[in-house]
Amino acid sequence: MITRELRRVLEDAARRAAQAGALPTLPDPLPAFEVEPPRDPRHGDYAANIALVLAPILGRPPRTVGDAIVRNLRAPADVLQGATIAGPGFLNLRLAPAFVHRWLRSVHAEDRRFGHTDLGGGRRVLVEYVSANPTGPLHVGAGRNGAVGETVARLLEALGYRVSREYYVNDCGAQVETLARSVDARYLELLGRPAEFPADGYQGDYVREIARRIQETDGAGLLELEPAQRLARIEELSLRMMQDEIRSTLEAFGIVFDVWFSERTLHESGAVQRCIEELRRRDLLYEQDGALWFRATRFGDDKDRVIVRSDGRPTYFAADIPYHLNKYARGFDHLIDVWGMDHVGDVARLRGALEALGHDPSTFEVVLYQHVRLRNEGEAVRMSKRSGEFVTLRELVDAVGRDAARFFFVATNPAVPMDFDLALARRQSAENPVYYVQYAHARICSILREAQRLGVPQPDAERADLTLLRTPEEWALARRVVALPEVVHAAGVRREPQRLCAYARELAETFHVFYGQCRVLTEDRDLTAARLVLVDAARRVLRNTLDLLGVAAVERM
RNA sequence: GCGCCCGUAGCUCAGCGGAUAGAGCGCCGGACUACGAAUCCGUAGGUCGGGGGUUCAAAUCCCUCCGGGCGCGCCA
């Protein structure tokens with residue numbers, strides 16, 4: 001990363017200043033300081049607040065500290081062109097063109113790997129997301145969950161972590177039984193048998209569809225079974241169909257899971273029971289009102305939580321603990337779950353239970369997102385699986401397209417509730433920011449096609465004379481292009497995928513402005529070569545950014 | 001009432017303790033005689049919810065109040 005190199009240059013200068021007696025002895029390590037592009041381009045390419053941070057520690061005025069650092073800068077000529085003290089004590093740095101050129105060349109050399117780093121060092125991270133109950137089709141909230149989770153997963157891979165994507169399937173319990181009873185009733189109806197639809201049954205058409213498909217393949221065969229067996233069989237078939245539907249919806253959305261983890265297996269293998277015994281052995285459980293409680297308050301939760309109901313059935317929580325233990329047991333160093341805000345209250349108890357069983361609570365992390373408020377022409381759309389009135393993720397993707405949906409879901413801070421107006425999304429689809437970004441990519445591809453048509457040689461990043469790139473627009477584009485590693489780092493470490501969208505849009509904008517000012521294919525062979533290297537680097541970086549977002553980098557529109 | 005999250009332009013939202021707070025949409029006015037006008041340039045629009053505090057520096061951190069979302073279940 002560029003900022004890492006600049007930080008090192010500044011630290012060296014500060015240490016040299018201290019050795020020369022221009023500054024008092026420095027702390028080791030140096031306090032954290034920022035190196036970032038200033039808002040105002042007149043302040044140079046990067047600004048550092050190292051002098052402002054050191055001043056109070058050293059007991060000297062910021063500008064004095066800054067002056068000492070600048071006078072001791074021994075940046076190689078191929079890194080910095082100049083440094084000045086400005087304002088309250090900022091160091092404004094101007095990058096040497098050769099420095100940016102070196103990074104531009106590395107965009108070509110690293111290609112699809114440009115922007116990636118080895119921060120993770122191959123450590124294994126499990127990202128669990130979506131994990132919607134298989135009792136109905138995915139609705140739009142799952143789209144936000146999926147887009148955020150998938151982008152976080154891709155960011156972590158780019159940061160050098162080994163990532164596994166996982167979907168936890170709640171394939172047992174009351175809601176699954178309700179699904180089975182609902183399908184059963186529709187099945188009987190189809191066969192003209194008397195059937196009473198359960199009062200708490202799922203109303204959606206998909207229930208009828210499942211029943212229809214069962215009737216199609218099994219005919220009336222299931223009627224031969226005892227009612228309990230028939231229900232069990234219907235439950236199994238319904239679950240399988242729902243999971244297939246969910247899987248294919250997610251695949252159409254660009255998400256493929258490595259593992260579909262069945263909750264049922266945790267019960268059947270005895271893992272749930274063993275986990276309860278372990279908690280009991282550690283005196284973390286007690287009985288009250290006939291139920292078994294976990295002492296969650298010992299771990300920061302605001303009340304103790306039931307783990308086994310008074311009727312002997314374990315709660316959802318009882319399976320969630322061994323599930324996460326299982327993740328650790330499979331060798332993952334770090335767990336990330338993506339949950340809706342409605343589960344915010346569950347974080348403390350699960351983290352507490354994991355801590356109680358010997359795991360560092362900081363290795364279990366939950367990314368929370370606010371729900372998507374679906375609207376149609378400004379009117380609220382009710383979303384409830386039970387009533388059957390909801391718009392599915394599949395419908396949404398069909399309506400606005402996968403690229404726009406993926407981009408939109410990630411473009412906003414997950415912690416902020418999001419309004420998704422279907423009519424608006426359809427109507428303004430041509431003005432979606434995703435098209436602005438894709439257009440920049442397609443435009444570059446168009447230039448490259450035109451170059452080929454004219455017989456212009458392919459750009460050779462190592463040999464082109466990049467010192468010919470001198471206009472402000474070329475310089476701005478080059479600096480923006482080589483900033484990708486920083487963006488990936490910040491977005492990944494902070495779990496803030498929306499930064500990728502912001503960067504993609506800014507990079508596209510910088511390119512469009514450049515395009516308006518600088519012609520790429522000119523009579524000047526050397527200048528053409530240099531500009532081709534620049535725009536082709538922009539193309540690769542745009543593509544890499546869009547890849548992380550799961551948005552297609554189209555060559556034509 | 002308690003916990004978590006949010007409050008920034010008319011609307012939807014970016015914004016990393018840092019310099020004059022930004023973008024998109026919408027409004028108004030301009031720009032194609034060579035690489036794609038799905039673009040670009042310009043104009044207008046702000047008490048960063050209010051008030052304290054910390055700091056050389058606060059939209060950003062802390063406190064408090066106001067407004068909103070979600071949760072506070074032997075549901076998942």
Side-chain angles (χ1 to χ4, degrees), chain A residues 34-40 42-43 47-49 52-53 55-56 61-63 86-90 92 131-133 135 170 173-176 263 288-293 301-303 305-317 319-320 340-348 368-371 373 408 411-419 421 424 428 430-433 435-440 442-451 453-454 456 486 490 494 496 498-499 501-502 505-506 508-509 511-523 528 531-532 535 556-557:
Chain A
E34 299 293 330
V35 178
E36 57 186 14
R39 232 189 290 275
D40 188 335
R42 285 173 305 184
H43 294 135
N49 65 350
L52 291 159
V53 167
R63 294 191 66 106
F90 287 103
N92 289 338
S131 296
N133 277 344
T135 53
N170 304 118
Q175 300 206 25
V176 172
E263 178 186 359
Q288 187 181 302
D289 305 328
L292 197 58
W293 297 70
D301 203 348
D302 48 11
K303 53 181 75 167
R305 305 292 174 173
V306 170
I307 191 164
V308 179
R309 302 180 181 89
S310 50
D311 64 5
R313 288 157 51 230
T315 59
Y316 177 85
F317 176 51
D320 228 7
M341 271 301 293
D342 52 343
H343 288 93
V344 62
D346 300 351
V347 177
L368 294 165
Y369 68 95
Q370 290 272 18
H371 279 127
R373 291 186 304 224
F408 262 86
T412 59
N413 178 354
V416 175
M418 167 181 184
D419 273 337
D421 192 312
L424 199 65
Q428 72 174 27
E431 284 140 25
N432 280 340
Y435 291 108
Y436 182 83
V437 176
Q438 285 179 315
Y439 181 50
R443 242 182 173 181
I444 297 172
C445 292
S446 174
I447 295 172
L448 298 179
R449 280 195 301 269
E450 180 67 6
R453 195 181 67 80
L454 296 172
V456 178
E486 268 101 330
R494 304 161 70 102
E496 292 178 1
Q498 68 271 23
R499 287 165 186 274
C501 293
R505 218 205 60 77
E506 287 161 3
E509 179 178 41
F511 168 75
H512 285 311
V513 172
F514 158 87
Y515 183 90
Q517 293 298 317
C518 304
R519 194 178 158 76
V520 175
L521 305 175
T522 66
E523 300 297 324
T528 297
R531 286 184 172 167
L532 279 172
V535 298
R556 287 191 167 84
M557 298 178 66

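By convention in this document, chain letters (A, B, ...) are assigned in the order of the sequence lines, proteins followed by strands, and residues within each chain are numbered from 1.
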5'-most by nearest nucleotide on RNA chain B - A/Thr522 or A/Arg494: A/Arg494
[N] [atom2] sits how many Å from [X] [atom1], rounded?
| X | N | atom1 | atom2 | result |
| --- | --- | --- | --- | --- |
| A/Arg63 | B/rA57 | CZ | P | 16 Å |
| A/Phe511 | B/rG36 | CZ | C1' | 10 Å |
| A/Arg519 | B/rC32 | CZ | P | 17 Å |
| A/Ile447 | B/rG36 | CD1 | P | 7 Å |
| A/Leu521 | B/rA34 | CG | P | 14 Å |
| A/Arg505 | B/rU39 | CZ | C1' | 13 Å |
| A/Asn413 | B/rG7 | CG | C1' | 13 Å |
| A/Glu506 | B/rA23 | CD | P | 11 Å |

Ring pair (Phe, Tyr, Trp, His ring centres under 6.0 Å) involving A/His512 - partner list, sequence neighbours excluded: A/Tyr436, A/Tyr439
Could you measure between the two [atom1] atoms, the one in [N] and the one in [M], and give it in whole Å?
| N | M | atom1 | result |
| --- | --- | --- | --- |
| B/rC48 | B/rA59 | C1' | 5 Å |
| B/rC27 | B/rC4 | P | 43 Å |
| B/rG30 | B/rC62 | C1' | 49 Å |
| B/rG15 | B/rA21 | C1' | 8 Å |
| B/rC16 | B/rU54 | P | 24 Å |
| B/rG18 | B/rU33 | P | 46 Å |
| B/rG17 | B/rU55 | C1' | 9 Å |
| B/rU47 | B/rC5 | C1' | 25 Å |

Residues, nucleotides or ligands: over 12 heavy atoms within 6.0 Å of A/Glu523 CD: no
Touch check for [X], heavy atoms < 4.0 angstrom, all strands: base, sugar-phosphate only, or nothing?
| X | result |
| --- | --- |
| A/Gln438 | nothing |
| A/Ala55 | nothing |
| A/Cys445 | nothing |

Distances under 3.5 Å only, N/O to N/O: pair up the protein atoms with those of nucleotides 18-21 of chain B.
residue : atom : partner : partner atom : Å
B/rG18  : N7   : A/Asn49 : ND2          : 3.3
B/rA19  : OP2  : A/Arg39 : NE           : 3.3
B/rA19  : OP2  : A/Arg39 : NH2          : 2.7
B/rA19  : N6   : A/Asn92 : OD1          : 2.7
B/rA19  : N1   : A/Asn92 : OD1          : 3.2
B/rA19  : N1   : A/Asn92 : ND2          : 3.3
B/rU20  : O4   : A/Arg42 : NH2          : 2.3

Can you name the side chain to side chain donor-acceptor pair (under 3.5 Å) partners of [X], sequence neighbours left out?
| X | value |
| --- | --- |
| A/Glu36 | none |
| A/Gln498 | none |
| A/Glu509 | A/Arg505 |
| A/Arg449 | none |

Distance-only side-chain donor-acceptor flag, A/Glu263 / A/Asn170, under 3.5 Å: yes
Please identify each residue that fulfils side-chain contact (heavy atoms from CB on, under 4.5 Å) with [X], with sequence neighbours left out.
| X | answer |
| --- | --- |
| A/Ala490 | A/Arg494, A/Arg499 |
| A/Asp289 | none |
| A/Gln517 | A/Glu473 |

Charged N-O contact under 4.0 Å between A/Arg313 and A/Asp311: yes
Chi-angle category of B/rC40 [syn within 90° of 0, anti beyond]: anti
B/S/- contact track for nucleotides 69-76 of chain B, protein heavy atom under 4.0 Å: BSSSSBSB
Contact check, side chains of A/Asp346 and A/Phe317, non-hydrogen atoms, under 4.5 Å: no
pair A/His343-A/Met341: side-chain heavy atoms closer than 4.5 Å: no
Each nucleotide N or O in nucleotides 40-44 of chain B that has a protein N or O under 3.5 Å away: list the pair and distance.
residue : atom : partner  : partner atom : Å
B/rC40  : OP1  : A/Tyr436 : OH           : 2.3

Where A/Val306 and A/Thr315 come nearest, the two heavy atoms and their spacing: O-OG1, 3.2 Å
Geometric cation-pi criterion A/Arg443 and A/Tyr515, 6.0 Å radius, 45° cone: yes
Per-nucleotide pairing state of RNA chain B [Watson-Crick or G-U, under 3.5 Å; [ ] pseudoknot-crossing; | other strand]: (((((((..((((....[...))))..((((.......))))......(((((..]....))))))))))))....
